[in-house]
Amino acid sequence: MLKQFDNPYNPREIEEKIYKLWEKSGFFNPDNLPGKRKKTFTIIMPPPNANGSLHLGHALMLALEDIMIRYRRMKGDKTLWLPGADHAGFETQIVYDKIIEKEGRNRFEIAREKFYQEIWDFTQKNKALMENQIRKLGASCDWSRKKFTLDEDIISKTQEAFVDFYKEGLIYRGNRLVHWCVKHQTGFSDLEIVHEERIDPLYYIKYGPLTVATVRPETIFGDTAIAVNPGDKRYKSLTGKEIEVDVVIAKVKLKVIADPAVDPEFGTGAVKVTPAHDLNDYEIWQRHKNEIEGPREVINKYGKMNLIRHFPDSEEAKKYEGLKISEARKLIVEDLEKKGLIEKIDLTYRHNIALCYKCKNVIEPRLMEQWFVKMKPLAKSAVEAVKKGRIKFIPERFKKVYFHWLKNIRDWNISRQIVWGIRIPAWQCENCREWIISKEKPARCARCSSVEIKQDLDVFDTWFSSGQWPFLTLGYPDKKDFKNFYPTNVMETGWDILFFWVARMIMLGIYRAKKIPFKNVYLHGLIRDEFKQKMSKSKGNVIDPLGVVNEYGADALRMALIVGNTPGNDPVFSEDKVRGYRNFANKIWQASRFVLINSENFDFKSKPKLSATDKKKLNELSKIKKDISNLMESFKFYAASEKIYHYFWHIFCDKIIEEMKPRLNNENKKDKLAAQYILLEILKGSIKLLHPFMPFITEEIWSYLPVLRGLGQAENKKMLIIEKW
RNA sequence: GCGCGAUUAGCUCAGUGGUAGAGCGUUUCAUUGACAUUGAAAAGGUCGGAGGUUCGAUCCCUCCAUCGCGCACCA
């Protein structure tokens, strides 16, 4: 009878078989769950980027969410776990750029439509691959509801949101300095840049009667003013006056203005103002629009000098034209020195510079027209939702970080100059430059009636659409799912995308869907290698979760990722740990085999007579069950998993089974029956408690178990996945 | 600059206002026992430092140190 118990436990075939059984059962779909289930429990899966394969972080994400879903499903909830995949705009385009780079191609030379189609095919391939990887990890998500961030309805609803937001005054077209990456040729939001401390020469340049300090002398061609602090007595007499300065290739007249942003303690207390290439200076100009000239762009989008148009009469300007920033800087310093205009150079100056988060090249602030979302009104209700406890953070400390970010938030640039993404539904009249915001192409310009109308080439920041993911996936605004499953219960994701994604989902959910998108935010840590290093392809320390599954089984990997891994803290991954839980899986297997072999002749008709210590053992199990339930409810999976592990191995196997052994060989039929009964009951109870964590092996063993309902009754039984907790 | 986290056994980490816990590792013993992917046992920590609150602090408060991280438009 027990031939099915290979020795030792071999997860590979069993896991494959069990997943198919689950899928066939239809129980991943909440609509198919048996019984009356009033309470819903919903998790929208953070859609993995369809530009590669799953990494350990995904495995952790899937394990955590699957644990919650399986637990709630067994508890009797109508559980929906909605899977998906993310086109991941810029990220994917960069990945694909690198691929074609190896083929000697360049995206700027490929037609837009063709490039888009190529990336589409690329992501579709990855998507299919990833979906199978998700299955291998045991994820009990509802595949019938899976969504891709470029599904037609998602695109359409995202564009509709843009149109509505524009009408509602939440979105505007702004001409302002944006973070520009010279390599990637796109603008970014505040989140796609990173700061790095550097030591750069600080040049003190004689500027007419004044001296100014700067790290970017090459921008002096774009200066439109000099600013000093209003309280600075040294410059009182010059304030408001025009002075003539020598910018090497010409002499220009600049006004000295007073602005509180200038720190009199720093440098000389006088700042050259370059509104076209510096965020601070841009803001200074905004405050002095009436007094001084606006941005004079002298560096183009390729990071090269482009100043000749501002100095048509200067022969000297020609030698700067077209130079890279670094070259121009070298040259201007030489020229300034020749003219005796460098007062001194501070070589110890430490400051922070903005870099592209992807390529780490210096960000060039660049004046551009882009679409912006006004964040202040959105941030307000997002703060409130968390403050009032309608949304809970696990761990709680991330609230502080969240509040701090929202408090200081600035408007969100959602335009990206890339191909891979959702096109912005904005159209511009070629004739009068009027913008028309509409999903469909307008027949003619509303202002001048011209029919020469072109769509904005830009696409949305990918987070603009994924920020609406919880309600878009559920079919906002009129699908039943939206009514039934929104707001969702838990958003489980890594803390690293708290701002990128979580905060924006909260803001957009409240604004657009009129309700918070989820009640709980569970933030898991980022998995580190054994040296506590972040895992990354460039470091070559990435571990393929599927390789681990193949060797040790998904159950073992899941346990290794979950046990002792507290929310918000970065866990260290070790193969030793996986090996330990592979051993545990075998332990479960062997113990189950032992119990089943010894209960083959179990008499279901007789009523076992339990001793006091027998009853104590059952009580102990129900206490464990209660403890574990409490831990599950409070999101302490790291402790719940450890508890059941410890109970099964060190109480059930080491103590209880050992204690029962003599009784199983007892002549006394009644006593033997009681021992068999105890073993079966405790095995059954433990297998259930283990199921959310180790779904495969438990489902397999469950299929062999006679299920005792009441005393002495064997009944037809259900699959473990829908058994009652 | 502002903020967050960590500091507990060799390693990775839990934890609690009342004589310190787990896993892995180490040491010793056991060997055809459901399981060697095993069992039994053992060693191993003034819980980063200094103050304070308390009858009592690893835990609460203050300061400090070291490490890690996040945010930030001072040229």
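Below, read A as the first sequence line, B as the second, and so on, with proteins coming before strands; counting in each chain starts at 1. The analysis underlying the following values was restricted to heavy atoms, covering all of them including side chains, and did not include hydrogens, waters or symmetry mates.
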- Message: Reading RNA chain B from 5' onward, which residue's closest nucleotide shows up sooner: A/K587 or A/K577?
- Response: A/K577
- Nearest-nucleotide check on RNA chain B, A/G267 vs A/S592; residue mapping nearer the 5' end is A/S592
- Task: Without swapping roles, check the side chain of A/D529 against the backbone of A/N541 for a donor-acceptor pair under 3.5 Å.
- Result: no
- Give a yes or no answer on whether the side chain of A/W589 reaches the backbone of A/P8 with a donor-acceptor pair at less than 3.5 Å. no
Among [options], which is the nearest nucleotide to the side chain of [X]?
X	options	answer
A/Y645	B/A40, B/G5, B/G23	B/G23
A/H404	B/C71, B/C69, B/C13	B/C71
A/V401	B/C13, B/G70, B/A14	B/G70
A/N586	B/U37, B/A72, B/G39	B/U37
A/N583	B/A72, B/G39, B/U37	B/U37
A/R397	B/C73, B/G33, B/C4	B/C4
A/Y638	B/G15, B/C13, B/G23	B/G15
A/F499	B/A14, B/U38, B/C71	B/C71

- Message: Could you tell me how far apart A/H195 (NE2) and B/C73 (C1') are, to the nearest whole angstrom?
- Response: 8 Å
Between [N] and [M], how far apart are the two [atom1] atoms, rounded to whole Å?
N	M	atom1	answer
B/U46	B/U19	C1'	14 Å
B/G56	B/G51	P	15 Å
B/G45	B/G1	P	40 Å
B/A43	B/G52	P	36 Å

Determine whether any donor atom in the side chain of [X] lies under 3.5 Å from an acceptor atom in the base of [N], or the reverse, and answer yes or no.
X	N	value
A/N352	B/A72	yes
A/K643	B/A14	no
A/N280	B/C73	yes
A/K400	B/C4	no
A/E658	B/A40	no

Tell me the partner of [N], counting only Watson-Crick (N1-N3 plus N6-O4 or O6-N4) or G-U wobble (N1-O2 and O6-N3) with both under 3.5 Å; none if nothing fits.
N	value
B/C69	B/G3
B/U62	B/A50
B/A57	none
B/A9	none

- Distance under 6.0 Å and angle within 45° of ring axis: A/R504 vs A/W412: yes
- Message: Given the ring of A/F372, does A/R176 sit roughly above its face, with NZ or CZ under 6.0 Å from the centre of the six-membered ring and within 45° of the axis?
- Response: yes
- Query: Under the ring-ring contact (aromatic ring centres under 6.0 Å, His included) criterion, do A/F266 and A/Y349 qualify, and how do the steps go?
  - Reply: CA-CA 11 Å; A/F266 187 91; A/Y349 178 57; 5.6 Å; yes
- Query: Taking only N and O in the side chain of A/R410, is any of them less than 4.0 Å away from OP1 or OP2 of B/C73?
  - Reply: yes
- Message: Could you tell me if A/Y677 and A/D614 have a donor-acceptor pair between their side chains, going purely by distance under 3.5 Å?
- Response: no
